[in-house]
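Encoded as structure tokens, the structure appears first; notes follow it.
One-based numbering, in listed order, for ligands and for the atoms of each.
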Amino acid sequence: MTSECISIVGTGYVGLVTAVGFASRGYKVITSTHDSEKVALINKGVAPFFEAGLEELLRKVVREGYLKCVLDCGEAVLDTDITFIAVGTPSQQDGSIDLQYIRRSAREIGEALRRKEGYHLVVVKSTVVPGTTVNMVRPIIEEYSGKRCGVDFGLCMSPEFLREGSALFDTLHPDRIIIGEWDKKSGDVFESLCVGFYREDLPPVIRTNPSTAEVVKYANNAFLATKISFINTIANICERIPGVDVTTVAKGIGLDQRINSRFLRAGLGYGGSCFPKDVKALIAFSKVLGYDSVLLNAVEDVNNVQPYRAVELLRELVCSLEGKQIAILGLAFKPGTDDMREAVSIKVVNKLLKEGARVIVYDPFSMEKAREIFGDRVTYASTATECLTDAEGCIVVTEWDEFRSLSVEDFVKYMKEPNVVDGRRIYDPRRFGEGVRFRAVGLGV
Ligand code: NAD
């Protein structure tokens, strides 16, 4: 067996995209999941979720024999020399991290290692609170394998930074690689895998201990979430000053190289499977350490109410929402994915329904997921213009490109009353301000 065979436990966004990335460069990859439907789909080359470019490449690597999916984690571990843990780490009720899938994967890997000869490296890719790799994953693997970490098997924590919507690109072109190593050999083996995989595109590599690597991931997401809540705070101030537009303010401060323009787009707040849960987990973890983070609590508070800004802006245009037909453009938590976990759209739609509106929704990729969430409480349109037809109000919730190409004339032509709220700042307020009744996050009127 060569070190070019890897296994990945978990076939969600991180696991499957990583698997396809390695397989696309000639590595033999075995992924494992307990979901037999997913196993069947992946082995047919069908992606269980939408991610740009993923299915085409998945089909190719499965057909060429570079990737297969199995139900039994043990089989994956025994046939490879490096195993990534990429299972989910959701929030518990109190916001703290739920590590049950990490514990279970560690146990399954340990059980398999008991039957395996030779050195094996385990790499934790899931986002886990500091100390998890060393104090939970390591002892569980040692207990179930009967082997010693740093002697019979190696252990690293290497956080994942891919963004849904550009996950494949990010996997193949990361900004940096963080290697949190239990011992030097573990780090050396993992670094040599990275050198072979990225070759001349190898990004900066930082080698450190596992707990520091775990903190890097949380600090990274907490900082980005802070930037979003910061610009949304500025947006809420701008809205109260006639003639001031947060997009110009963001451009103005973004050109300051100390600030940088990315993640400075005002909108309806962050959602998705990572930022909300990671900020919550960091807050809860800090509390356990005896530190109550005023800053992170504020970041979360700002974000919790920001989606409702869209409804308030719409109410300024239509007065009462009772009985009004409102079109929602965009449901996914961001463009390029069908993921609706913690999507802002859920809060917006629920609030509109609570206020008595009749809601019609459209998203290019998330309709199936939306049906699971909203059931028959909303109407589903199959195109953006169908969604707008006869509506008395519209809120743009996700900034898909196809919504950018809608013109003022489209809104006037299809809607019964063209009341438009741009929750993601995709329309030019000079044009829209004249053609339709228009409000936008961060636009002072
Ligand atoms: P996900 O929920 O999409 O997928 C997790 C998968 O793990 C599921 O398919 C689940 O069935 C599977 N699983 C759970 N326990 C298992 C076990 N014992 N054996 C095999 N499979 C098992 O999660 P995700 O979005 O891929 O995230 C995975 C981790 O990576 C999380 O810690 C997350 O915070 C982190 N992360 C996610 C992203 C992202 O954009 N989604 C980015 C960076 C980091």
Q: Would you give the length of the straight line joining atom NZ of K287 to atom CG of N297, rounded to the nearest 0.5 angstrom?
A: 5.5 Å
Q: May I ask you to check if ligand 1 and E160 share an N or O to N or O distance below 3.5 Å?
A: no
**Q.** Subset of ligand 1 atoms that lie under 4.0 Å from at least one heavy atom of K217
**A.** 43 (C), 44 (C)
Q: Flag V9 as yes when one of its N or O atoms lies below 3.5 Å from any N or O atom of ligand 1, and as no otherwise.
A: no
Q: List the steps and the verdict of salt bridge (charged side-chain N to carboxylate O under 4.0 Å, His left out) for R309 and E239.
A: CA-CA 11 Å; R309 224 19 236 143; E239 276 168 31; 2.4 Å; yes
Q. At what distance is the nearest protein heavy atom to atom 12 (C) of ligand 1, and which residue and atom is it?
A. G10 CA, 4.0 Å
Q. Minimum heavy-atom separation for V87 to S105, with atom names?
A. CG1-OG, 3.4 Å
Q.
Starting from atom 29 (C) of ligand 1, what is the nearest protein heavy atom, named by residue and atom, and what distance separates them?
A. V87 O, 3.4 Å
Q: Taking atom types as modelled, find out whether S145 and K116 have a side-chain donor-acceptor pair closer than 3.5 angstrom.
A: no
Q.
Check this for me, if you would: do E111 and R107 make a salt bridge, where the nitrogen-to-carboxylate-oxygen distance has to be below 4.0 angstrom?
A. yes
Q. If we only count N/O pairs under 3.5 Å, is R163 in contact with ligand 1?
A. no
Q: May I ask you to check whether F333 and F275 place their ring centres under 6.0 Å from each other?
A: no
Q. Should you measure from each heavy atom of G12, which atoms of ligand 1 turn up under 4.0 Å away?
A. 1 (P), 3 (O), 4 (O), 6 (C), 9 (O), 26 (O)
Q) Is the closest heavy atom of S105 to ligand 1 under 4.0 Å? A) yes
Q.
Does either side chain, that of S229 or that of N232, offer a donor lying less than 3.5 Å from an acceptor on the other one?
A. no
**Q.** Contact check: D278 vs ligand 1, nitrogen or oxygen atoms, below 3.5 angstrom
**A.** no
Q: For ligand 1, find out whether one of its N or O atoms is nearer than 3.5 Å to an N or O atom of T127.
A: yes
Q: Provide, to 0.1 Å, the distance between atom 34 (O) of ligand 1 and the closest protein heavy atom, together with that atom's residue and name.
A: K277 NZ, 2.7 Å
Q | atom 41 (N) of ligand 1: nearest protein contact (heavy atom, Å) | A | E164 OE2, 2.8 Å
(Q) Return the closest protein heavy atom for atom 27 (O) of ligand 1 as residue, atom name and distance. (A) V14 CG2, 3.9 Å
Q. Any idea which atoms of ligand 1 are less than 4.0 Å away from a heavy-atom of T89?
A. 31 (C), 32 (O), 34 (O)
Q: Kindly state if atom 10 (C) of ligand 1 has a protein heavy atom within a strict 4.0 Å cut-off, that is, under 4.0 Å?
A: no
Q: Name the closest protein heavy atom to atom 38 (C) of ligand 1, giving the residue it belongs to and the distance to 0.1 Å.
A: C274 SG, 3.3 Å
Q: Go through R404 and E399 one step at a time and tell me if the salt bridge (charged side-chain N to carboxylate O under 4.0 Å, His left out) criterion holds.
A: CA-CA 7 Å; R404 289 179 200 277; E399 62 275 35; 5.5 Å; no
Q) So is Y101 polar-close to ligand 1, meaning N/O to N/O under 3.5 Å? A) no
Q. When rounded to the nearest 0.5 angstrom, what distance separates SG in C394 from CG in L314?
A. 9.0 Å
Q. How about S96 and D94: does a side-chain donor come under 3.5 Å of a side-chain acceptor?
A. yes
Q: Could you list which atoms of ligand 1 come closer than 4.0 Å to a heavy atom of A86?
A: 28 (C)
Q. Quick one: does ligand 1 sit under 4.0 Å from the side chain of L162, the backbone, both or neither, non-hydrogen atoms only?
A. both
Q. Can D188 and R207 be counted as an ion pair, charged N to O under 4.0 angstrom?
A. yes
(Q) Taking 4.0 angstrom as the limit and counting only heavy atoms of K38, give me the atoms of ligand 1 inside it, by number and element. (A) 8 (C), 9 (O)
Q. For atom 18 (N) of ligand 1, which protein heavy atom lies nearest, and how many Å away is it?
A. H34 NE2, 3.3 Å
Q. With a cut-off of 4.0 Å, which atoms of ligand 1 are near a heavy atom of S273?
A. 41 (N)
Q | Aromatic plane relationship, F22 with F84 - under 30° parallel, 30 to 60° tilted, over 60° perpendicular | A | tilted
Q. Do you see a donor-acceptor pair shorter than 3.5 Å between the side chains of E214 and T133?
A. yes
Q.
Please classify the R341 to ligand 1 contact at 4.0 Å (heavy-atom distances, strictly less than): side chain, backbone, both or neither.
A. side chain
Q) D35: heavy atom below 4.0 Å from ligand 1, yes or no? A) no
Q: Using distance alone, with no hydrogens and no angle criterion, decide if T171 and T18 have a side-chain donor and acceptor under 3.5 Å apart.
A: no
Q: Please identify which atoms of ligand 1 are closer than 4.0 Å to at least one heavy atom of G88.
A: 5 (C), 7 (O)
Q) Which atoms from ligand 1 have a heavy atom of E108 less than 4.0 Å away? A) 18 (N), 19 (N)
Q.
Does either side chain, that of S211 or that of N209, offer a donor lying less than 3.5 Å from an acceptor on the other one?
A. no
